[in-house]
Amino acid sequence: MTTASEPTTAIANPPVEPLESNLLPSDVVRISATRGRPQPDRQLTKVAKLIDVSKCIGCKACQSACIEWNDTHPELEENVGIYENPHDLTPEMYTLMRFTEYENPEGDFEWLIRKDGCMHCEDPGCLKACPAPGAIVQYSNGIVDFISENCIGCGYCVTGCPFNVPRIHKTAHVAKKCTLCSDRVAVGQGPACAKACPTQAIVFGTKEEMTAHAEERIADLKSRGYENAGLYDPPGVGGTHVMYVLHHADQPGLYAGLPEDPQIAPVVEGWKGPAKTVGLAAIGLAAVGAALHGVFGRANVVEPSDEAAAEKLVKSGTAGPGEGA
């Protein structure tokens, strides 16, 4: 059987014959709660999904494609006067269109639309925080994937994520998020959301190509008066494999609270780093101390005088009224 090629675009036609996966267990470079992972024999080309908010029309075709491909079943919610539906990411909704009304300094109204979901950080906080071996993996092409079979539903990945993306399923008790359609990428296809986007606001390919494409889009936006247009690829998490072209790159928070400088929380860096080493050392010292005490410690010896004193106390405590000790 032919092995699938690495994906270069999201608009390629699907394969017409069975293909061997091009995303193998040997391509994993990081595994949650696991040390000493050997480096893979090959390096996959880094991939990225680029979202150009200036071309997004808020049609939600990406949401529908995500639901269909992943076979999820988001709950039907009530309309509360906004276009966002559902109202937040859920274990059944891996991507969400977020709408923001913005009045710029010139007094003009702008409608900022951002597709929210996992950013696939190069240095993923979710993976660092996860205590379950094998529940989160990162491939050499940059994709961060959740392996539900190994998840314990503790929610540490939610704490570790600087973008607040993972969600815990209330009945299955596992974490869920966008996988960047790793199963599609494995056979040379791009993410379903990018395939469905009618304006190509979402495009997919190698990270190098997506960065170059973003530069073209930024130049176009600047020529149309958006002088602060730029690429959102935050260095605080080592860069991301989902990037945004923003009109107002100097104010990413305008786009439904997109973090300006996302970083892994110090508590995650600490307890999975130096604090963990110190803690293990303290436990080791305590174990050694207990062992030495068991070997060299002397057992308590009861002297005859101690037994006599104890017997006297017992008799004095049980004596009736008027009785002597």
Side-chain angles (χ1 to χ4, degrees), residues 6-10 29-30 43-56 62 89 94-98 100 112-128 136 138-145 160-166 177-182 185 190-191 193-194 197 199-222 226-265 268-269:
E6 292 190 52
T8 56
T9 177
V29 292
R30 292 185 187 179
Q43 171 63 54
L44 297 176
T45 305
K46 297 287 186 180
V47 297
K49 180 168 67 177
L50 178 67
I51 303 169
D52 185 348
V53 301
S54 70
K55 298 175 70 174
C56 179
C62 55
L89 295 169
Y94 304 160
T95 191
L96 178 68
M97 301 306 299
R98 296 193 183 274
T100 303
L112 307 179
I113 309 171
R114 176 172 71 89
K115 177 183 177 297
D116 193 12
C118 178
M119 298 295 288
H120 293 269
C121 305
E122 182 66 24
D123 186 15
C126 59
L127 189 150
K128 281 191 172 181
I136 305 177
Q138 183 180 37
Y139 294 97
S140 62
N141 62 2
I143 292 178
V144 180
D145 207 354
C161 176
F163 297 96
N164 188 33
V165 167
K177 73 168 188 68
C178 159
T179 65
L180 207 59
C181 284
S182 58
V185 172
C193 59
C197 182
T199 64
Q200 292 192 14
I202 309 171
V203 290
F204 177 82
T206 68
K207 183 158 185 178
E208 183 179 1
E209 291 173 346
M210 293 300 97
T211 302
H213 179 63
E215 290 175 355
E216 295 177 3
R217 293 295 308 136
I218 292 166
D220 176 66
L221 287 171
K222 287 185 175 180
Y226 293 100
E227 59 184 31
N228 292 317
L231 177 65
Y232 185 83
D233 183 21
V237 289
T240 56
H241 294 272
V242 174
M243 305 183 293
Y244 293 105
V245 171
L246 305 177
H247 325 65
H248 310 287
D250 59 326
Q251 302 178 76
L254 293 176
Y255 301 86
L258 189 62
E260 293 192 8
D261 183 24
Q263 297 186 14
I264 300 174
V268 174
E269 292 279 16

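Heavy-atom basis, side chains included; hydrogens, waters and symmetry copies ignored.
With values rounded to the nearest 0.5 angstrom, Asn228 atom CG is found 11.5 Å from Ile218 atom CD1. The CD1 atom of Ile136 lies 13.0 Å from the NZ atom of Lys128; values are rounded to the nearest 0.5 Å. Atom CG of residue Leu50 and atom NZ of residue Lys55 lie 9.0 Å apart, to the nearest 0.5 angstrom. Atoms NE2 and SG, from His241 and Cys118 in turn, are 10.5 Å apart once rounded to the nearest 0.5 Å. Atom CG in Asp116 sits 5.5 Å away from atom OH in Tyr244 (nearest 0.5 Å). Atoms NZ and CG, from Lys177 and Leu89 in turn, are 11.5 Å apart once rounded to the nearest 0.5 Å.
When the salt bridge (charged side-chain N to carboxylate O under 4.0 Å, His left out) test is applied to Asp250, no partner is found at least two apart in sequence or on another chain. Every residue was checked against the side chain to side chain donor-acceptor pair (under 3.5 Å) condition with Asn141, not counting sequence neighbours, and none meets it. For Asp145, there are no salt bridge (charged side-chain N to carboxylate O under 4.0 Å, His left out) partners, not counting sequence neighbours. Residues passing the side chain to side chain contact (heavy atoms under 4.5 Å, CB included) test with Pro234 are Phe163, Tyr232, Val237, Thr240, Pro262, sequence neighbours excluded. Qualifying side chain to side chain donor-acceptor pair (under 3.5 Å) partners for Lys46, counting only residues two or more places apart in sequence or in other chains: Glu122. Judged as a ring-ring contact (aromatic ring centres under 6.0 Å, His included), and not counting sequence neighbours, the contacts of His247 are Tyr226. Under the rule for a side chain to side chain donor-acceptor pair (under 3.5 Å), the partners of Lys115 that lie at least two apart in sequence or sit in another chain are Thr95. Not counting sequence neighbours, the partners of Ala249 by the side chain to side chain contact (heavy atoms under 4.5 Å, CB included) test are Leu246. Pro235 is linked by a side chain to side chain contact (heavy atoms under 4.5 Å, CB included) to nothing, counting only residues two or more places apart in sequence or in another chain. Contacts of Ala256 classified as side chain to side chain contact (heavy atoms under 4.5 Å, CB included), with partners at least two apart in sequence or in another chain: Arg98, Thr100, Arg114. For Thr179, there are no side chain to side chain donor-acceptor pair (under 3.5 Å) partners at least two apart in sequence or on another chain.
Residues Met243 and Thr211 form a side-chain contact, since some pair of their non-hydrogen atoms from C-beta on lies under 4.5 Å apart. Two residues are said to be in side-chain contact when any heavy atoms from C-beta on lie closer than 4.5 Å; Asp123 and Arg30 meet this criterion.
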Discussion item. Assess the residue pair Lys49 and Leu180 against the criterion (side-chain contact (heavy atoms from CB on, under 4.5 Å)); give the C-alpha distance rounded to whole Å, side-chain angles, the decisive distance to 0.1 Å, and a yes or no.
Written reply: CA-CA 8 Å; Lys49 180 168 67 177; Leu180 207 59; 3.9 Å; yes
Discussion item. Run the side-chain contact (heavy atoms from CB on, under 4.5 Å) test on Cys178 and His120 for me, step by step, so that the C-alpha distance in whole Å, both residues' side-chain angles and the decisive distance to 0.1 Å come before the verdict.
Written reply: CA-CA 9 Å; Cys178 159; His120 293 269; 3.7 Å; yes
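In terms of heavy atoms, Pro124 sits closest to Ile264 at C-CD1, 4.3 Å. The shortest heavy-atom contact between Tyr255 and Val53 is CE2-CG2, 3.9 Å. Pairing each heavy atom of Val144 with each of Cys126, the nearest pair is CG1-SG, 4.1 Å. In this structure, Gly160 and Val268 approach most closely via the heavy-atom pair CA-CG2, 4.0 Å.
A 6.0 Å sphere centred on CD of Gln251 holds more than 12 heavy atoms belonging to other residues, nucleotides or ligands.
Results of the side chain to side chain contact (heavy atoms under 4.5 Å, CB included) test with Phe204 over Cys181, Cys197, Pro191, Cys193 single out Pro191 as the only residue that passes.
A donor-acceptor contact shorter than 3.5 Å links the side chain of Gln43 to the backbone of Ser140. A distance-only check finds a donor-acceptor pair linking the side chain of Gln138 to the backbone of Cys121 [under 3.5 Å].
Contacts classified as salt bridge (Lys or Arg N to Asp or Glu O under 4.0 Å) and involving residues 226-235 (residues at least two apart or in different chains) are given here: Lys207-Asp233.
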